Amino acid sequence: MDRMLAEHEPHGAQEARDGAEVYQPSPEEEKLVRKCNAIFERAKKGKSKHDYPWINYYKMFRGKQWQEQRPSYRASEVFNLMWQTVQSQVPVMTDARPKFEYLPQEPSDRQFADLMNDIAAADWAKYNWQFTLTELIYDGELYGTGLTSLKYDPKKSCILYKTESPFYLFPDPSAESFHHRCAYTVHAEPMDVQKIKRLFPEKSDYIKADVVNFASEKRVDLTQVKYNSPSNDQLYVEVQGGYDNNTIPEVVVKTFYMEDDEVVESAVKDEADESAPPRMERRLKYPAGRKTVIANEVVLQDGPVEYEDECIYPYQRYINYILPRSFWGISEFEPLESPQKTFNKLVSYVLDVLYLTGNPVWIVSTDSGIDTDNLVNQPGLVIEKHPGSEVGRQEGVQLQPFVLQMIDRLKDWWNELSGSQDVMRGIAPGSVTAASAIADLQNAAQTRMRAKMKNLDAYLQDFGQQYASRVMQFYTAPQVYRLTGKDGSEQYFKMHMSKSPEGNPVAMVQRYTDTGLLDPEVKSYQLRGKLDVRVTTGSSLPFSKVENQNRAYQLFDRGIIDAEEVLKSLDYPNFEAIQQRMQEKAAAQAQAEAQAAQQPPPAAA
């Protein structure tokens, strides 16, 4: 009977009955929860100065650009110039995969660096990280800042690279980056209660839902209807309340990464004098950082950070436009929001005038004897009225000629403000016809884009350093990697990481032969120094690629570089196979010349 009636109980009643046991934290846990809550409140207050317009930016990008519900007889057109601006920039930035490669600081580490480049290329292709990078750039365009995380999944034995919503991350208010003046970060995200219970089974009895239907928040809900009050200036929102059985119960899980100052004391013996009494030594309890996970005021996890990075935070940051001495960047929409609304209003006004002049208002006397329901815009319509009565149409207000000129002028201002020039979108300027002059205009139009690519370079350098650290720390089990060349050829190798007696990373590698057999020889490569990350993204811009191609042709014609270097600079899709055929052809030609030189000259007649 209890089971039959359970579905009619209020939401949460069953959980309250099942969770009769009350969580009793220890004094240390109570102190930790109070400390983390204080950190979270400071981080939220600091972030509120930057994230208040983000929801509106998201709605405007999706085409929801009118604040209120307008009458049906008024035009509410949206010409989404913001969409045009973003979609003309992101494809250019992702036209070619941004490349980063590892360079050794010591000459003896060259083979280890080459191996890291092969592993990175294999993971990038296998897990489709190009899509994650594209999603990151979209976040940067919308919110000014894009965030990703680089973690390790022990169940899948792979590195997890995914974007993080800027809405859910709360850094130190004084932070300028993850590496500078950042004492802590908080990641607060609603998650499925059942999932959290599976992750932390020892605390599952104390985990309860504290968020209902978070997916219908304003950022996602584009169908909210707003009404202006006829008696005051208030704006009312039509919402749907209540709870249904399809709602997924969620709990806010807060993950804290922080530089903790807690110290512990330990007795240390004097190695020089063993007879001396041990001395007490104070040291940091978490020298590499502390990680704490809290939900429902319950400490689910607390301990040292699991990653061996110089930076204790597993996050990377991409900035759209730099805001000096601030963690958050500037959105593409910040200077464009007001011009976009103005453009929509002007276009809607023009349409209102056209509607009114195309279908003017009827003026009909009450004694005309005409049924107004029969007054339609039918060509050749005959209207009969009583003598002396009035029936006619009121001519609408004519559109002023300066309105269309204003729209054209506003469009030009928009292009100048957004940096979206015609030549940047592949439209040739009418006054310029010379190819070299058009190329110069294209390079000049890409000035702002090149600044963004430099920000992407900085992001990828941070990503590359953390990726190398994850590989050397977690890829300890042998795995098979596949490398696909640009000519379609595939190479396989097996690799795992270990440690030398000195603590240096050592890569153990076995190659596969062309017949698919594993070479029994195991080669080891030890990293004695550190790896630097070099990123190349600027040359991937379409106009920069044309410039580099022309420069390569000129250097080849002057004999400065050879054909192999030209193929590399062109990023030719099959240049490895072409290079091999050229080498074979050169070798065959040299062999033929050598044989011809060894033959004795023909005898004279």
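Everything numeric in this text was worked out from a predicted model, so none of it was measured.
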Worked check of side-chain hydrogen bond (donor to acceptor under 3.5 Å, both in side chains) between Gln340 and Asn344: CA-CA 6 Å; Gln340 174 70 78; Asn344 290 340; 3.1 Å; yes
For the residue pair [X] and [Y], categorise the inter-ring angle as parallel (less than 30°), tilted (30 to 60°) or perpendicular (more than 60°).
X: Tyr161; Y: Trp124; value: tilted
X: Phe167; Y: Tyr143; value: perpendicular
X: Tyr467; Y: Phe463; value: parallel

Mind listing the closest non-hydrogen atom pair of [X] and [Y] along with its distance?
X: Tyr286; Y: Gly303; answer: CE2-C, 3.7 Å
X: Asn320; Y: Ile330; answer: ND2-O, 3.2 Å
X: Val33; Y: Glu297; answer: CG1-OE1, 3.1 Å
X: Pro335; Y: Pro339; answer: O-CD, 3.5 Å
X: Leu300; Y: Ile207; answer: CD2-CD1, 4.1 Å
X: Ala43; Y: Tyr184; answer: CB-CE1, 4.1 Å

Is there side-chain contact between [X] and [Y], with at least one heavy-atom pair below 4.5 Å?
X: Lys162; Y: Ser149; answer: yes
X: Pro25; Y: Val298; answer: no
X: Phe333; Y: Phe61; answer: yes
X: Val193; Y: Lys208; answer: no
X: Glu189; Y: Leu169; answer: no
X: Val299; Y: Val293; answer: no
X: Trp328; Y: Leu323; answer: no
X: Thr255; Y: Tyr257; answer: yes

Using a 6.0 Å distance limit plus a 45 degree cone around the ring axis, check whether [X] lies over the aromatic ring of [Y].
X: Lys44; Y: Phe40; answer: yes
X: Lys47; Y: Phe170; answer: yes
X: Arg470; Y: Tyr307; answer: yes

Interatomic spacing from [atom1] in [X] to [atom2] in [Y] - rounded to 0.5 Å:
X: Ser76; Y: Gln65; atom1: OG; atom2: CD; value: 12.0 Å
X: Ile137; Y: Met93; atom1: CD1; atom2: CE; value: 4.5 Å
X: Ser348; Y: Arg74; atom1: OG; atom2: CZ; value: 8.5 Å
X: Asp462; Y: Leu150; atom1: CG; atom2: CG; value: 9.5 Å
X: Thr185; Y: Ile39; atom1: OG1; atom2: CD1; value: 10.0 Å
X: Gln301; Y: Thr292; atom1: CD; atom2: OG1; value: 8.5 Å

Heavy atoms from other residues, nucleotides or ligands near CD of Glu310 exceed 12 (cutoff 6.0 Å): no
Could [X] and [Y] be called an ion pair, given the rule that one side-chain N must be under 4.0 Å from one carboxylate O?
X: Glu337; Y: Lys341; result: yes
X: Asp172; Y: Arg181; result: no
X: Asp260; Y: Lys35; result: yes
X: Glu176; Y: Arg325; result: no

Pair Tyr475-Asp123, side-chain hydrogen bond (donor to acceptor under 3.5 Å, both in side chains): steps then yes or no: CA-CA 12 Å; Tyr475 279 12; Asp123 279 351; 2.9 Å; yes
Pairs involving residues 137-161, ordered by first then second residue, that meet salt bridge (charged side-chain N to carboxylate O under 4.0 Å, His left out) (sequence neighbours left out): Glu141-Lys452
Test applied, side-chain hydrogen bond (donor to acceptor under 3.5 Å, both in side chains); reference residue, Thr148; option that passes from Tyr459, Tyr315, Tyr318, Trp129: Tyr459
Evaluation steps, side chain to side chain contact (heavy atoms under 4.5 Å, CB included), between Gln67 and Asn56: CA-CA 10 Å; Gln67 291 282 336; Asn56 193 38; 3.8 Å; yes
Ile319: side-chain contact (heavy atoms from CB on, under 4.5 Å) partners, not counting sequence neighbours: Thr145, Arg317, Ile322
